[in-house]
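Note that ligands are numbered from 1 as they come in the structure, with each ligand's atoms numbered from 1 the same way.
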Amino acid sequence: MITIDGPLGSGKGTIANALASQLGWHLLDSGALYRLVAIAALDAGLGPGDEEALAELAARLDVQFADSGDDQETKLNGARVGARLRSQEVSAMASRVAALAGVRAAIVKRQQDFRRPPGLVADGRDMGTVIFPDAPLKIYLTASVEVRAQRRYKQLKEKGESVNLSRLFRDIEERDKRDRTRRIAPLRPAADAVIIDSSELSIKEVLAKIKHLLEEKDISI
Ligand code: DC
């Protein structure tokens, strides 16, 4: 069991994906779960203030993920959600629904059920602190806001979304603040997490660091 937590744009999704595929382990993209709750909420016309209805919706959510982490295979109520999963509208709503205790409680067990042999790589904000506190290897991946905004800008551009870099920078700062200061499961490194700053590192270099940590723990890759 490996947890990778960190803010948006830290590269945790990419790293978790690569690790899971190299180890032949399962993958839990917990942010995608919150994003799917957000999509279902938007479609149902619910706002961030409708906590009870949102918690109920989260508990009932019918979702499907591919172990490959391929977004194209992610389904909500049997239908592919496609590029909408990573859109700015859904990102903003996901951050709001993720701040609600009822919504978080509704999906704790669903997340823990992803832990199956031969192993699980779970990425999110509270994987090491709340959902899998006994994970033997916990990574907290971070990077400067500037670097994260640039990465996100490139990602959205490639997907054909129209984006404004300074707005993105502000959005990221705002979302970070909300994720870090919320009362429930705030974004923070677990006491026993290894902190990796990826601002100056390539994906390959981050993976090499984690592989080294795995070797130290005798997990072969
Ligand atoms: O990692 P992401 O950007 O896909 O996450 C979407 C939102 O969900 C983000 O605002 C933080 C929230 N989230 C969370 O609160 N807890 C998690 N374990 C994962 C994501």
Could you list the donor-acceptor pairs under 3.5 angstrom formed by side chains in residues 46-53, with sequence neighbours left out?
| unit_1 | atom_1 | unit_2 | atom_2 | d |
| --- | --- | --- | --- | --- |
| Asp50 | OD2 | Gly47 | N | 2.8 |
| Glu51 | OE2 | Ala101 | N | 3.4 |
| Glu51 | OE2 | Gly102 | N | 2.9 |

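- Within the 4.5 Å cutoff, no side-chain heavy atoms of Gln150 are placed close to those of Glu146.
- For ligand 1, the 4.0 Å heavy-atom shell contains residues Leu8, Lys12, Ser30, Gly31, Tyr34, Arg35, Arg86, Ala94, Ser95, Ala98, Arg104, Gly124, Arg125, Asp126, Met127, Asp179, Arg182.
- When hydrophobic residues (I, L, V, M, F, W, Y) are linked wherever their side-chain heavy atoms come within less than 4.5 Å, the members clustered with Ile195 are Tyr140, Leu187.
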For residues 81-88, which side-chain N or O atoms pair as donor and acceptor with protein atoms under 3.5 Å away, sequence neighbours left out?
| unit_1 | atom_1 | unit_2 | atom_2 | d |
| --- | --- | --- | --- | --- |
| Arg84 | NH1 | Asp43 | OD1 | 3.2 |
| Arg84 | NH1 | Asp43 | OD2 | 3.4 |
| Arg84 | NH2 | Asp43 | OD1 | 3.0 |
| Arg86 | NE | Asp71 | OD2 | 2.9 |
| Arg86 | NH2 | Asp29 | OD2 | 2.8 |
| Arg86 | NH2 | Asp71 | OD1 | 3.1 |
| Ser87 | OG | Arg84 | O | 2.9 |
| Ser87 | OG | Val90 | N | 3.4 |

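- Side chain of Ser10 to backbone of Pro7: a donor-acceptor contact under 3.5 angstrom is found.
- At most 12 non-hydrogen atoms from other residues, nucleotides or ligands lie less than 6.0 angstrom from CD1 of Ile203.
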